[in-house]
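Okay, so here's the structure we're looking at.
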Amino acid sequence: LGNVYIQLYGAYLVIVDICFLVFMNLYILYLFSYQSRNRKLKEELKTFQRQSEMQYHYYEKLEEKYESSRKLIHDMRNHLQSIEALCQMSRSEAGNAYARDMHRMLDSFAQRQYTDSHMLNIILNDKAETARQKNIRMEVSIGKIRLGHMKDMDVTTVFANLLDNALEAAERSGDKRYITVKADAFREFSVVKICNSYDLALKKDGKDTEHRGIGLGNVRQTLQRCGGGMDIEEKDREFAVSITIPCPEGDAAETR
């Protein structure tokens, strides 16, 4: 039949049909590739929006701290005058109580300096306060890690997600609630390990989705862009995440 078709109509139409089929295949491949790129861009956009929201949240909280501090400084003169008046009236006990209340008020504005990373300090102080409110014991021990080469948004994505997951799991882990954050420099890397109390029964019941959800996916992608990595260790009563972040070349040379 092919020979008859060629004899009747010539080979020109056959060549046109073949070219048309090749074109259609290439066009379909292009559509699939375009859809794949479009889906990837949408996922990256969602990740960026989430990072931006988290970044805005921490800067907003920092601004609230500064505003409260300014108000406190403005009122400090009145507080001091009240203490002086109590002392002049020989009411030393009332003056001491007033001073203790002021110390507690000032402590609420104190910000611990854990690292040279301004953003990481904000995150750690914020999460430590959240842990205190939820009756979770949080211990932070950080050595000479170097994160100055990381963008604030990347620092937020990595540490805010990991600590949020740890807080949520520790809150549902029973009576012994705890979170430990340990970090130090080791050769060319900054190594961070975050452990938290964990109830494995929540995972079996399908109630624990955060530890392996979209948050950890964003953390892993961010670390890969920085040349780092992440390792997860899951036990019956403890969940641990270890991350490695390459140090800048100058800092790596110093650690050696």
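FYI, side chains are in, hydrogens and waters are out, and symmetry mates aren't considered; it's all heavy atoms of this structure.
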Partner set under side-chain contact (heavy atoms from CB on, under 4.5 Å) for Tyr30, not counting sequence neighbours: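 With sequence neighbours excluded, Tyr30 shows a side-chain contact (heavy atoms from CB on, under 4.5 Å) to Tyr34, Arg37, given in chain and number order.
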
Cationic N near anionic O, under 4.0 Å, Asp116 to Lys144: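 Here Asp116 does not pair with Lys144 in a salt bridge, since their nearest N and O are not under 4.0 Å apart.
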
Where [X] and [Y] come nearest, the two heavy atoms and their spacing:
| X | Y | result |
| --- | --- | --- |
| Pro246 | Gly227 | CG-O, 3.3 Å |
| Val192 | Phe159 | CG1-CE2, 4.0 Å |
| Arg237 | Ser173 | NH1-O, 4.3 Å |
| Ala160 | Lys127 | O-CE, 4.4 Å |
| Phe239 | Tyr198 | N-CB, 3.7 Å |
| Ser197 | Arg177 | OG-CA, 3.5 Å |

Stepwise side chain to side chain contact (heavy atoms under 4.5 Å, CB included) check, Val181 with Leu163: CA-CA 9 Å; Val181 181; Leu163 290 172; 3.9 Å; yes

Counting only N and O atoms by type, is there a donor-acceptor contact under 3.5 Å from the side chain of [X] to the main-chain atoms of [Y]?
| X | Y | value |
| --- | --- | --- |
| Thr130 | Asp126 | yes |
| Asp154 | Met150 | no |
| Ser33 | Leu29 | no |

Student check: side-chain heavy atoms of [X] and [Y] closer than 4.5 Å:
| X | Y | answer |
| --- | --- | --- |
| Met230 | Ser242 | no |
| Leu120 | Thr156 | no |
| Leu167 | Asn165 | no |
| Ile243 | Leu223 | yes |
| Asn125 | Ile123 | no |
| Val219 | Val241 | no |
| Lys151 | Val155 | no |
| Asp184 | Ile142 | no |

Ile194 with Val140, same ILVMFWY side-chain cluster at under 4.5 Å: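 Same cluster.
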
Tyr114 reachable from Ile145 in the ILVMFWY side-chain graph, under 4.5 Å edges: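 Shared cluster, yes.
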
What's the spacing between [X] [atom1] and [Y] [atom2] if we round to 0.5 Å?
| X | Y | atom1 | atom2 | result |
| --- | --- | --- | --- | --- |
| Glu168 | Ile136 | CD | CD1 | 10.0 Å |
| Thr180 | Met138 | OG1 | CE | 9.5 Å |
| Ile245 | Phe189 | CD1 | CZ | 10.5 Å |
| Thr244 | Asp231 | OG1 | CG | 9.0 Å |
| Glu233 | Cys195 | CD | SG | 7.5 Å |
| Met119 | Met153 | CE | CE | 9.5 Å |

Aromatic plane relationship, Phe23 with Phe20 - under 30° parallel, 30 to 60° tilted, over 60° perpendicular: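 Phe20 vs Phe23 ring planes: tilted.
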
CG/Asn38: more than 12 non-hydrogen atoms of other groups inside 6.0 Å: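 For Asn38, atom CG is crowded (more than 12 foreign heavy atoms under 6.0 Å).
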
For Lys134, salt bridge (Lys or Arg N to Asp or Glu O under 4.0 Å) partners two or more places apart: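 Glu171.
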
Salt bridge (Lys or Arg N to Asp or Glu O under 4.0 Å) partners for Arg132, two or more places apart: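 Arg132 satisfies salt bridge (Lys or Arg N to Asp or Glu O under 4.0 Å) with Glu129 only.
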
